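One structure is given below, encoded as structure tokens.
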Amino acid sequence: MPLLALSLDDTIQPRFLQIAMAIKHCIHSGQLEPGEKLPSTRTLAKQIGSHRHTVMSAYQELIAQGWLCASERKAYTVDLHLPIESSQILSQNQHQCTSSFQWSLSARMRSTIQNKPQVQRPAHEFEFNFAGGQADLTLFPFHRFKAFMDQALVRPDLNDLHYESVAGSTVFIDQVSHYLRKTRGIQNKSIITVNGSQEALYLLSQVLINSGDHVAVEALGYQPAWQAFRAAGAMLVPIKQHQQDIDIEALTTLAKVKKLKLIYLTPLHQYPTTVTLPIAKRMAIYQLAAKHNIAIIEDDYDHEFHYDSQPLSPMASDDPHGLIIYLATFSKIMFPGSRLGIMAIDKTLAPALLAYRQLMNHKPNVLMQQAVAKWMLSGDFERHLRKMTKIYHQRRDHVVSILTRYNHHRPKPLRFMIPAGGMALWVEVGDQAQILEAHCHQNNIYLLSEKHFQLTPDTSPNRHIRIGFAGMSEEKLQQGLTKILHILDRLAL
């Protein structure tokens, strides 16, 4: 147990009373709470340089006064019923007190806080969680992965455990490079390991964006990315979407009118609509970016989960100008708490990013990287991907069948496209979208309406909801969707 910080008053004698008074002060101040264990007499005696029997006498004195209690062969603990109420009040006040110091935040930080969406109840606390990017954590093979963590701990690559190798674990980068080349056609790029894609977005924003730079983002998109760009001082400009697809003519006009520094895209499964950007439009955007010297951030957040065909290769797989920054994450494959993602970038950009990375965080958890590398090398990684892709495919089809049956009995059907991949459906429910979201939250159902994905929510329609299907079993999806549709029926009356 941790040592106890005692302030001993040498003017108090004998020594055991000095120790007793110091412990009593710890209880008064809230440093020791009711029911909390104290160090053993031997441990405390060694800490303060006293005889064990002296400490025992101090403990016995406090027991006699009602501050401590002890039972045979058990530790000394603070009594649950303290002898005076003031000690409990002091303890409560100690936890509730706030500093009187006035912190002066930077203007950039104040702006970031003002633009941050209001924190609400976490999605995982709801009985039915329809969050769009939520993997089913109950199906992750923790027992199998433990073997690879054990290997990383028993036989770690010691060279990776030092402050050097800022890009990440060598063996992990080798495995990721092989995987990206084999499955996505991405070659000749530097790989940098990050603590999830959000750290990548922050690093890129700080290194590339000057205050006032214009960054083009999808009008319906990913708010955490927008927050990272804004925190660097960027001015966000919306890319018009037509049927949730990129309007190339509008983007071309935008590039002429504004001096764009970056374009941020989610081309495989557009966030939040899951629409796949066609090859012709990808090529048009790339040519536009090359012409105007604009970098592209391609966020390929759930590439693995594509069902109806082989997914289109990332834009980064055909990048002769080296202008695409490719992001991927293991959060959907594993779990968000793994905090593991990668950037594949042009070799000329790597030194600046690595230099900035050293200012804030040398590298992500090396042991996790080494374990994942061993997992990938074993073949278990790809077996897990095949299994989860099959399960999520079945869950997508299950949700589609429920909505299709519902539409057969509804005068005005819900409109949706069956996504070729991804982990969610984008469903048009009409003007009740925001009201439906509120009613769902009241009924222990996590659901987000369109406004949460809009760059300009005050001037945009709010007619869609996002139904994540990956994180729950088919049975639970059935139960949750039935409740949502019943709520929708009541709202229509």
Side-chain angles (χ1 to χ4, degrees), residues 123 126-136 139 220 241-245 268-278 302 304-312 332 387-441 443-453 461-493:
F126 287 77
E127 181 181 2
F128 300 99
N129 179 7
F130 286 94
Q134 179 62 57
D136 191 338
L139 297 180
L220 283 169
Q241 291 166 269
H242 178 67
Q243 295 294 325
Q244 287 80 52
D245 200 348
L268 181 60
H269 303 137
Q270 198 278 329
Y271 188 93
T273 67
T274 74
V275 172
T276 296
L277 188 65
D302 63 356
E304 290 76 14
F305 305 122
H306 204 78
Y307 314 121
D308 295 342
S309 62
Q310 287 294 316
L312 290 179
K332 310 294 186 293
K387 173 186 173 183
M388 297 312 298
T389 301
K390 181 180 179 181
I391 290 172
Y392 293 164
H393 188 175
Q394 291 169 344
R395 292 180 180 180
R396 182 205 68 172
D397 290 349
H398 184 58
V399 170
V400 168
S401 68
I402 294 171
L403 294 178
T404 302
R405 288 196 303 271
Y406 175 76
N407 278 345
H408 289 158
H409 306 286
R410 182 178 169 89
K412 190 175 181 181
L414 302 179
R415 297 177 61 188
F416 63 92
M417 292 187 295
I418 302 174
M423 305 168 78
L425 267 72
W426 188 246
V427 181
E428 185 176 352
V429 296
D431 295 332
Q432 311 101 314
Q434 189 166 351
I435 301 173
L436 175 62
E437 176 189 335
H439 279 268
C440 284
H441 287 189
N443 285 272
N444 213 13
I445 303 168
Y446 184 84
L447 185 76
L448 292 181
S449 63
E450 186 173 355
K451 69 171 184 176
H452 296 278
F453 310 100
N462 185 17
R463 298 180 57 82
H464 293 80
I465 58 172
R466 195 163 193 248
I467 298 177
F469 55 77
M472 292 184 287
S473 67
E474 290 188 18
E475 180 183 1
K476 201 156 188 181
L477 285 169
Q478 177 89 42
Q479 295 171 359
L481 269 176
T482 299
K483 289 177 179 290
I484 292 171
L485 298 176
H486 283 167
I487 294 170
L488 195 57
D489 283 339
R490 290 201 304 270
L491 293 175
L493 294 177

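Keep in mind the model is a prediction, meaning the values are calculated, not measured. Position 1 is the first residue of the sequence; numbering continues from there.
- Aromatic ring centres of Y446 and F130: separated by at least 6.0 Å.
- In this view, R396 and D308, H393 satisfy the side chain to side chain donor-acceptor pair (under 3.5 Å) rule, not counting sequence neighbours.
- Side-chain N/O atoms of Q479 and T482 include no donor and acceptor closer than 3.5 Å.
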> Should L414 and E428 be marked as a side-chain contact (heavy atoms from CB on, under 4.5 Å) after you check the CA-CA gap, both sets of side-chain angles, and the distance that decides it?
Replying inline: CA-CA 6 Å; L414 302 179; E428 185 176 352; over 6 Å; no

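- Rounding to the nearest 0.5 Å places NE2 of H269 at 16.0 Å from CH2 of W426.
- In this structure the side chain of I467 reaches within 4.5 angstrom of the side chain of I465, judged on heavy atoms.
- Aromatic ring centroids of Y271 and F453 lie under 6.0 Å apart.
- Within the 4.5 Å cutoff, no side-chain heavy atoms of K483 are placed close to those of N443.
- Note: M417 CE to T276 OG1 = 9.5 Å, rounded to the nearest 0.5 Å.
- Checking side-chain atoms of H398 against main-chain N and O of E474 turns up a donor-acceptor pair under 3.5 Å.
- The salt bridge (Lys or Arg N to Asp or Glu O under 4.0 Å) test applied to E127 returns no partner, not counting sequence neighbours.
- When all heavy atoms of A433 and S449 are compared, the closest pair comes out as O-CB, 3.8 Å.
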>> Go through it in stages, so that I can follow the logic: the residues are D245 and T273, the test is side-chain contact (heavy atoms from CB on, under 4.5 Å), and I'd like the CA-CA distance, side-chain angles, deciding distance and then a yes or no.
In response: CA-CA 9 Å; D245 200 348; T273 67; over 6 Å; no

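- Remark: K476 is positioned above the aromatic ring of F128, its terminal NZ or CZ atom under 6.0 angstrom from the ring centre and at most 45 degrees off the axis.
- Of all heavy-atom pairs between I484 and L436, the closest is O-CD1, 4.0 Å.
- Open room surrounds NZ on K390; 12 or fewer heavy atoms of other groups in view lie less than 6.0 Å from it.
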> Going through the checks in order, is the side-chain contact (heavy atoms from CB on, under 4.5 Å) test met by R463 and D431?
Replying inline: CA-CA 5 Å; R463 298 180 57 82; D431 295 332; 2.7 Å; yes

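- Listed for the R415 side chain is no donor-acceptor partner under 3.5 Å among the backbone atoms of V429.
- Side chains of E437 and H452: a donor on one and an acceptor on the other come within 3.5 Å.
- To the nearest 0.5 Å, atoms CZ (F126) and NE2 (H441) are separated by 5.0 Å.
- L477 approaches G468 most closely through the heavy-atom pair CD2-O, 4.1 Å.
- For the atom pair L448 CG and R466 CZ, the distance stands at 9.0 Å (nearest 0.5 Å).
- Q432 contributes no side-chain N or O that, together with a main-chain N or O of L488, makes up a donor-acceptor pair within less than 3.5 Å.
- Note that CZ of R395 is 4.5 Å distant from CG of D136, once rounded to the nearest 0.5 Å.
- Between the side chain of N129 and the backbone N or O of A131, at least one donor-acceptor pair lies under 3.5 Å.
- L139 and K387 make their closest contact through O-NZ, 4.3 Å (heavy atoms, listed as atom of the first residue, atom of the second, distance).
- To the nearest 0.5 Å, atoms CG (L425) and CG (L403) are separated by 6.5 Å.
- Between the side chain of N462 and the backbone N or O of E450 there is at least one donor-acceptor pair closer than 3.5 Å.
- Residues L268 and L312 approach most closely at CD1-N, 4.0 Å, considering heavy atoms.
- Counting heavy atoms from C-beta outward, Q270 and L277 have side chains that stay 4.5 Å or more apart.
- Remark: the backbone N or O of G422 is paired with a side-chain donor or acceptor of Y307 at under 3.5 angstrom.
- When all heavy atoms are compared, the tightest approach of T274 to P419 is OG1-CB, 3.2 Å.
- When the shell of 6.0 Å around CZ of R405 is examined, it contains more than 12 heavy atoms from other residues, nucleotides or ligands.
- For R410, the salt bridge (Lys or Arg N to Asp or Glu O under 4.0 Å) criterion is met by D489, not counting sequence neighbours.
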